[in-house]
Amino acid sequence: MTFGEIPMQQSTSLAAIPAVDRVLNFPAVQALAAEYGRAPTLVAVRGALDQLRELARGGALAADAVNEPRLAARVQSALEDAARPLLRPVFNLTGTVLHTNLGRAPLPEEAIAHAVEVMRRPCNLEYDLGGGSRGDRDSLVEPLLKELTGAEAATVVNNNAAAVFLALNTLGLRREVIVSRGELVEIGGAFRVPDIMARAGCKLVEVGTTNRTHLRDFESAISDKTALLLKVHTSNYAIQGFTAAAEEHELATLAHTHELPFMVDLGSGTLVDLSAWGLPKEPTPQQSLAAGADLVTFSGDKLLGGPQAGIIVGRRDLIAKIKKNPLKRALRVDKITYATLEAVLRLYRDPERLAQRLPTLRLLTRPLADIETTAQAILPALQQAFSHTAEVSIAPTHSQIGSGSLPIDRLPSCCVAITLRVKGKGEGSALKKIEQAFRELPVPVIGRVAEGAFRLDVRCLEDKNVSGFVEQLAQLRSR
Ligand SMILES: *Cc1c(COP(=O)(O)O)cnc(C)c1O
């Protein structure tokens, strides 16, 4: 074959591109307008014609790209793209169960059903059905929180960062808050204890050293400017070796001797003893309260397994003060959060069935044999998708809990590892391409590149989602 025999692509000019009105009148485009609406169709047509003009200017506009069916197809694909929600479900196969970037806790069906009901119809969010008068939204979850934690009172805000902020601003405005140097935590960049403290209007008084802080360090820092003593759970790191920290009950006693409140920011705060399921122990709000804490703050969507929320439990008078702070209004949550939180808390009343009903706990306690079965189930489809380019095999791995919970504890798990046949130069970028291809699937699959392979930890791929996962893999092959 000679060069001359290769048919040259016919290119065309700007003049061949039809006007917007003409395209809008194509029967196929009229049909799209009926389906997607006139305004979005107009935007899509303009966008498609802009693309064609761009191609024409570069001399790369094929003559047949401006014919009616091709143009209509272009408009349709633009409309489909624009109609697809930006917030979408994904498969979290990163191995981090509570992934802050992937929406943290998946909610239990009970919570989803409850939320759907109150979203669809008016509800008694702030209406006292007994008295027929204005009510208090916190009363929707306060009885459950009291029962489960042993607290006198409770309130709910947007997230745990807001809970800490609101409590500090209420109790410590223009006064001093004493905290150990070993607990000046940063969580994911945006939440840093010293910054929150400053914005809440409190003066931070650091005591002790990074690795060792004693009760006497707190004691000697107390003055008439002190507003409260604070303990922050070092949730996303561990200080090991030659360490010392003041115990909660000691800090509580010290605070109370000086008529000061003692607050604990737990971060994760599960309501059950996780060691009952063979998981590492994590402190609970009920333990902190029993040790004498006056206030405890924790997240709704970390180990609790509920919606994004910040929960404050503790002394009735302090909670009442917090609720009177005008900032409570700015940080409050809506009916959807109360609905899901209430449903999740209700599940905790029956700890025996919790591990089946609460997805977070179900995933964290999933038996290894079960995870291996899932890996086996998806292996053939993945091998088929990569038959020419990569080795696909099952490998042991470790999942982590995530969201700053139990940072040093890892859970034995199982992953499918995709390793390139050709090693060396270009391997890294080829793995990145595979990673990207998975992200571009209809339900994006998020894994991670580690130790020379693209790895999918299947702990969070539950049986009910396996067929959907496998079905879309065919689209990897056609790439
Ligand atoms: C996660 C965490 C926070 C922030 O909680 P969000 O619910 O993410 O706002 C605050 N303090 C500690 C100790 C945490 O672990």
Side-chain angles (χ1 to χ4, degrees), residues 96-107 141 145 154-169 171-172 177 179-200 202 204 206 213 228-239 245 248 251 262-271 274 280-285 287-288 293 295-314 322 327-328 330-334 336-338 340-341 344-345 360 400-409:
T96 300
V97 176
L98 291 168
H99 199 303
T100 296
N101 305 144
L102 302 179
R104 287 194 185 161
L107 292 176
V141 291
L145 283 167
T155 184
V156 178
V157 287
N158 182 54
N159 54 18
N160 187 39
V164 175
F165 174 78
L166 184 62
L168 289 175
N169 178 268
L171 304 180
V177 177
V179 61
S180 160
R181 284 204 169 86
E183 298 174 358
L184 297 173
V185 196
E186 169 178 311
I187 286 123
F191 179 93
R192 287 176 147 193
V193 170
D195 297 346
I196 290 277
M197 196 91 77
R199 289 291 174 140
C202 308
L204 168 66
E206 306 170 24
T213 302
L228 73 147
L229 307 191
L230 174 66
K231 186 168 181 65
V232 182
H233 181 48
T234 56
S235 44
N236 55 359
Y237 65 103
I239 295 180
E248 285 183 356
L251 286 168
F262 169 51
M263 170 167 141
V264 178
D265 172 23
L266 268 189
S268 208
T270 168
L271 296 176
L274 292 177
K281 245 187 177 9
E282 175 86 346
T284 62
Q287 283 164 355
S288 299
L295 287 176
V296 181
T297 61
F298 56 101
S299 278
D301 57 352
K302 291 188 181 171
L303 279 173
L304 189 77
Q308 179 188 304
I311 299 165
I312 313 175
V313 294
I322 286 171
L327 285 170
K328 168 66 165 62
L331 301 171
R332 74 182 187 184
V333 295
D334 75 338
I336 305 171
T337 302
Y338 279 100
T340 47
L341 184 59
V344 166
L345 291 172
T360 297
Q400 40 184 0
I401 295 168
S403 282
S405 315
L406 314 158
I408 49 178
D409 295 298

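Ligands are counted one by one from 1 in listed order, and the atoms in each one are counted from 1 as well. Hydrogens, waters and symmetry mates play no part in the numbers below; they use all other heavy atoms, side chains included.
- Of all atoms in ligand 1, listed by their number and element, those nearer than 4.0 Å to a heavy atom of Ser299 are 5 (O), 6 (P), 7 (O).
- Considering backbone and side-chain N/O of Ala161, one or more are found under 3.5 Å from N/O of ligand 1.
- The shortest heavy-atom contact between Thr100 and Arg104 is OG1-NE, 3.1 Å.
- With sequence neighbours left out, the side chain to side chain donor-acceptor pair (under 3.5 Å) criterion links Glu248 to Ser288.
- Taking distance alone, with nitrogen or oxygen atoms compared against 3.5 Å, His233 stays at or beyond that limit from ligand 1.
- Residue Arg199 places its CZ atom among 12 or fewer non-hydrogen atoms of other residues, nucleotides or ligands, all under 6.0 Å distant.
- Heavy-atom contacts of Lys302 reach the following atoms of ligand 1: 1 (C), 2 (C), 3 (C), 5 (O), 14 (C), 15 (O) (cutoff under 4.0 Å).
- Formation of a donor-acceptor pair under 3.5 Å by the Asp334 side chain with backbone atoms of Thr337 is found in this model.
- Listed by chain and number, the residues in a side chain to side chain donor-acceptor pair (under 3.5 Å) with Asn158 are Gln308 (sequence neighbours excluded).
- Every N/O-N/O distance between Asp301 and ligand 1 stays at or above 3.5 Å.
- Within the structure, the closest approach of Asp265 to ligand 1 falls below 4.0 Å when heavy atoms are considered.
- Considering CG of Leu171 and CG of Leu295, their distance stands at 6.0 Å, rounded to 0.5 Å.
- At least one N or O atom of Arg104 sits closer than 3.5 Å to an N or O atom of ligand 1.
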